[in-house]
Amino acid sequence: MTEDHTPVRVRFAPSPTGSLHIGGARTAYFNWLFARQSGGTFVLRIDDTDTARSTEASLQEILRGFRWLGIDWDEGPDVGGPFGPYRQSERSAIYREALQRLLNEGKVYPCFCSQEQLAADREAAQRAGRAPRYARRCRDLTPEQVAERMAAGETPVYRFKSPIEGETVVHDRIRGDVVFSNEELDDFVVWKPDGMPTYHFASCVDDAAMHITHVIRAEEHLSNTPKHVVLFEALGAKVPEFAHVPMILAPDRSKLSKRHGATSVQEYRDQGILPDALINYLLLLGFAPGEDKEILSREEAIQVFRLDKVTRHAAVYDVKKLEWLNAQYFRSLSPDVVLSMVWPTLRERGYVEADPDHRTLAWIRTVLAATQERSRNAADLVENVSYYFRDPVAYDEKGVRKHFAGEDVDVRLERLADILDQVEPFGVVPLEQTYRSLAAEWQVKAGMLIHPTRLAITGVTVGPGLFDVMALLGRAACQSRLRRAANWIRTNRSEL
RNA sequence: GGCCCCAUGGUCAAGUGGUUAAGACACCGCCCUUUCACGGCGGUAACAGGGGUUCGAAUCCCCUUGGGGUCACCA
């Protein structure tokens, strides 16, 4: 509820000209949190007045992005609602009507200046050291002059007749009151010659028509907000409360762009980032939940989120922390979820059959569980379990120097392979007992047997407990890999 | 350039006139351990600079510097 008890209505209004950017996702999330905690309504409106750049594919991608993130909307292009339609391209009549009204009231006027004329004016103003604003050539055209030029077939743009004196103040929930001198207000265009409203106009008309109570959006709009305030007033609408959330920056403090890596939520999804992790990270970027708690579900976030506690400064995006958060979430996933996540890749690589029997499936589950806690995401996990499905294709270089270079390593590996015949059953405990007593017998430290064995059968130096790996892999595979490694050592001895 | 916003460690970020200036990620060390990861313990590291106000400023004011945004017939 707002102070006067009108129900909260917020909106996120993306323009479908690309993918869902993480900055936009965060802004939407903040809107969503604010709506959900106040029992309000979250509206998704599509700002597609730029007919040249808007695409349906982009719109669908944005919707998919939100669904994936777990952000739902109460009114929008697909679900409808009492104030639809929710695509600006379908609301032309509403804008036209609003334009006509302001025209009748003398709050808007047609402007016939050519692009060339405007460019020249701008240049002249700049040379004279003045701000490059519209020279207001057409502000005071007489009705006769207008009629004449219309009759001549000229199509005008329409400009807002901005106040020339005084000041306009923007009440911002995050920044407090921001005062702008009206001298800074340009006679901005509200209607383009292609018959479409501009962003400023459509946005305000819609916010008014949709009874939006709080406009929560990116900081880049703050400078434009006085225009919106005067527009709302001209429209006779109640001016909503504003909240301008800081921007998200790249590590070099510049605007986040492709060259800095992933910028869209789909890219993160493709990289194995979990939606819960991403949405959690987005919350942390600009808001401190308090009580040293940083891992929060959407539900917890709804409880603690406070619009007026959002930070005022831009935040640099830190992939490392996102990955850490992702690992937290990834490790807590249930075996079945993990299995379904990696299954397609396992199939693609030919690691598994299409219809495994129960025993095989159970075995795969165990394999995955053993490595899940040492993996940060699904792709990582698939890499880490590859040696369960095929022989190692190479031996880790540093590992080779450390564990294969010794005098009798090849001999020991071969002996080990032979002795594995006697281990019965081929399980974790008997395997460990065998290795320990062998180490004592040969008078070497257990590590001298364990590390070369691991490298021989997995190709790497890291992973779960060796005896777990061996038991999972089975006797035959262990023996053949051990012998294979011994041979490899002999043929490569000169280079070790 | 005009206008607007912002400024605490490498990053996120507590702090709102009196604190040994939290915590998290990252980094480093130690412990645990057959390795790695996890976990535990510890460490390096910050109030951009200069003026005020005040008994006392990270906290309030001014200036400078720096970063960002905006000045479109894009949104």
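Predicted, not measured: the structure shown is a model, and the values here were computed from it. Residue numbers start from 1 in every chain, and the chains themselves are labelled A, B, ... in the order their sequence lines are given, proteins ahead of strands.
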Undergrad: By nearest nucleotide on RNA chain B, pick out whichever of Arg26(A) and Met247(A) is the more 5' one.
TA: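 Result: Arg26(A).
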Undergrad: Using both distances under 3.5 Å as the test, list the Watson-Crick or G-U wobble partner of U35(B), or none.
TA: none
Undergrad: Between Arg133(A) and Asp121(A), does any side-chain N to carboxylate O distance fall below 4.0 Å?
TA: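 Between Asp121(A) and Arg133(A) there is no salt bridge, as every charged N stays at least 4.0 Å from the carboxylate O atoms.
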Undergrad: For the pair made of CZ in Arg253(A) and C1' in C12(B), what is the distance, rounded to whole Å?
TA: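 Nearest whole value for this atom pair: 11 Å.
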Undergrad: For a quick check of understanding: with a heavy-atom distance under 4.0 Å over all strands, which category does Ser375(A) fall into, base, sugar-phosphate or nothing?
TA: nothing
Undergrad: Are any non-hydrogen side-chain atoms of Pro452(A) and Leu413(A) less than 4.5 angstrom apart?
TA: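 A side-chain contact under 4.5 Å exists here.
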Undergrad: Return the nucleotide paired to A58(B): Watson-Crick means purine N1 to pyrimidine N3 with N6-O4 or O6-N4, wobble means G-U with N1-O2 and O6-N3, both under 3.5 Å.
TA: none
Undergrad: Take atom CG of Leu381(A) and atom C1' of A37(B), then tell me their distance rounded to the nearest Å.
TA: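 Nearest whole value for this atom pair: 13 Å.
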Undergrad: Taking only the C1' atom of each, what is the distance from U8(B) to G49(B) in whole angstrom?
TA: 15 Å
Undergrad: Side-chain contact test, heavy atoms from C-beta onward, threshold under 4.5 Å: evaluate it for Arg306(A) versus Phe287(A) and give yes or no.
TA: yes
Undergrad: Starting at atom CG of Leu256(A), determine the distance to atom P of G68(B), rounded to an integer number of angstrom.
TA: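 After rounding, the reported distance stands at 14 Å.
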Undergrad: With Phe12(A), which residues qualify under ring pair (Phe, Tyr, Trp, His ring centres under 6.0 Å), at least two apart?
TA: Phe66(A)
Undergrad: Considering only atom P, compute the distance from C41(B) to C25(B) and round it to an integer number of Å.
TA: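 Roughly 12 Å separates the two P atoms.
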Undergrad: Distance to the ring centre below 6.0 angstrom and angle to the axis at most 45 degrees; does that hold for Arg11(A) and Phe42(A)?
TA: no
Undergrad: Pairs under 3.5 angstrom, nitrogen or oxygen only, protein versus nucleotides 19-26 of chain B, please.
TA:
from, atom 1, to, atom 2, distance (Å)
A24(B), O4', Glu294(A), OE1, 3.3
A24(B), O2', Glu294(A), OE1, 2.5
A24(B), O2', Lys321(A), NZ, 3.1
A24(B), N3, Lys321(A), NZ, 3.2
C25(B), O2', Lys321(A), N, 3.4

Undergrad: Taking 4.0 Å as the cut-off, does a side-chain nitrogen or oxygen of Lys309(A) come that near to OP1 or OP2 on G15(B)?
TA: yes
Undergrad: For Glu154(A), I'd like to know if atom CD has over 12 heavy atoms of other residues, nucleotides or ligands within 6.0 Å.
TA: yes
Undergrad: In terms of side-chain geometry, is the basic nitrogen of Arg87(A) or Glu90(A) positioned less than 4.0 Å from the acidic oxygen of its partner?
TA: yes
Undergrad: What distance separates Phe201(A) CZ from Leu235(A) CG, expressed to the nearest 0.5 Å?
TA: 6.0 Å
Undergrad: Take atom CG of Asp468(A) and atom C1' of A37(B), then tell me their distance rounded to the nearest Å.
TA: 14 Å
Undergrad: I'd like to compare against my own output: the B/S/- annotation of nucleotides 3-9 of chain B with a strict under-4.0 Å heavy-atom distance to protein.
TA: SSBSS--
Undergrad: In residues 403-412 of chain A, what donor-acceptor pairs under 3.5 Å come from side-chain atoms, sequence neighbours left out?
TA:
from, atom 1, to, atom 2, distance (Å)
Asp410(A), OD1, Arg493(A), NH2, 3.1
Asp410(A), OD2, Arg490(A), NH1, 3.1

Undergrad: What nucleic acid atoms does Lys398(A) come within less than 4.0 Å of, heavy atoms only: base, sugar-phosphate, or nothing?
TA: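 Nothing, no nucleic acid heavy atom in range.
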Undergrad: Can you tell me how far C1' of G69(B) sits from CG of Asp172(A), to the nearest Å?
TA: 14 Å
Undergrad: Is it true that Glu233(A) and Lys107(A) make a salt bridge, defined as a side-chain N closer than 4.0 Å to a carboxylate O?
TA: no
Undergrad: Return the value, rounded to whole Å, for the distance between atom CG of Leu431(A) and atom P of U34(B).
TA: 16 Å
Undergrad: Do any of residues 436-451 of chain A sit with a heavy atom less than 4.0 Å from RNA chain B, and if so which?
TA: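 Result for residues 436-451 of chain A: Arg436(A), Ile450(A), His451(A), sorted by number.
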Undergrad: Do His228(A) and His200(A) have side-chain atoms, one donor and one acceptor, less than 3.5 Å apart?
TA: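 Yes, His200(A) and His228(A) have a side-chain donor paired with an acceptor closer than 3.5 Å.
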Undergrad: Quick one: look up who G42(B) pairs with, Watson-Crick or G-U, both distances under 3.5 Å, and put none if it's unpaired.
TA: C28(B)
Undergrad: Supply the atom-to-atom distance Leu103(A) CG to Trp191(A) CH2, rounded to the nearest 0.5 angstrom.
TA: 11.0 Å
Undergrad: In whole angstrom, give me the gap between the P atoms of C36(B) and G42(B).
TA: 22 Å
Undergrad: When rounded to the nearest Å, what value does the distance between C1' atoms of A13(B) and A46(B) take?
TA: 12 Å
Undergrad: Within this structure, what is the OG1-CZ distance for the pair Thr155(A) and Arg149(A), rounded to the nearest 0.5 Å?
TA: 11.0 Å
Undergrad: Any base atoms under 4.0 Å from Pro464(A), or only sugar-phosphate, or nothing? Heavy atoms, all strands.
TA: base
Undergrad: What distance, rounded to whole Å, do you find between the two P atoms, one in G66(B) and one in A14(B)?
TA: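 So the two P atoms sit 26 Å from each other.
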Undergrad: Evaluate ring-ring contact (aromatic ring centres under 6.0 Å, His included) for Tyr435(A) paired with Phe467(A), printing each intermediate quantity in order.
TA: CA-CA 9 Å; Tyr435(A) 265 69; Phe467(A) 307 113; 5.4 Å; yes
Undergrad: Can you name the atoms? Protein N/O to nucleotides 72-75 of chain B N/O, anything below 3.5 Å, with the distance.
TA:
from, atom 1, to, atom 2, distance (Å)
C73(B), N4, Cys113(A), O, 3.2
C74(B), OP2, Lys192(A), NZ, 3.1
C74(B), O2', Asp50(A), OD2, 2.8
C74(B), O2', Arg53(A), NH2, 3.3
A75(B), OP1, Thr49(A), OG1, 2.7
A75(B), OP1, Lys192(A), NZ, 2.9
A75(B), OP2, Tyr199(A), N, 3.0
A75(B), O3', Asp47(A), O, 3.1
A75(B), O2', Ser15(A), OG, 3.4
A75(B), N6, Asn224(A), ND2, 3.1

Undergrad: Base, sugar-phosphate, or nothing: which does Gly286(A) touch, judged by heavy atoms less than 4.0 Å apart?
TA: sugar-phosphate
Undergrad: Using the C1' atom in both, what is the distance from G39(B) to G18(B), to the nearest Å?
TA: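 39 Å, rounded to whole Å.
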Undergrad: Write down the distance separating the P atoms in G67(B) and G29(B), rounded off to the nearest Å.
TA: 35 Å
Undergrad: Return the value, rounded to whole Å, for the distance between atom NZ of Lys402(A) and atom C1' of C36(B).
TA: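 Taking NZ of Lys402(A) and C1' of C36(B), I get 11 Å after rounding.
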Undergrad: Give Leu284(A) one of three labels, base, sugar-phosphate or nothing, depending on what nucleic acid heavy atoms sit under 4.0 Å from its own.
TA: sugar-phosphate
Undergrad: Using Watson-Crick or G-U wobble geometry with both distances under 3.5 Å, which nucleotide pairs with G66(B)?
TA: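 Partner of G66(B): C6(B).
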Undergrad: Is there a side chain to side chain contact (heavy atoms under 4.5 Å, CB included) between Leu449(A) and Val444(A)? Walk through the geometry before answering.
TA: CA-CA 8 Å; Leu449(A) 268 31; Val444(A) 293; 3.8 Å; yes
Undergrad: Would you indicate whether the side-chain heavy atoms of Phe160(A) and Asp187(A) approach each other to under 4.5 Å?
TA: no
Undergrad: Can you tell me how far P of C71(B) sits from CG of Asp121(A), to the nearest Å?
TA: 18 Å
Undergrad: Can you tell me how far C1' in U16(B) sits from the matching atom in A75(B), rounded to whole Å?
TA: 37 Å
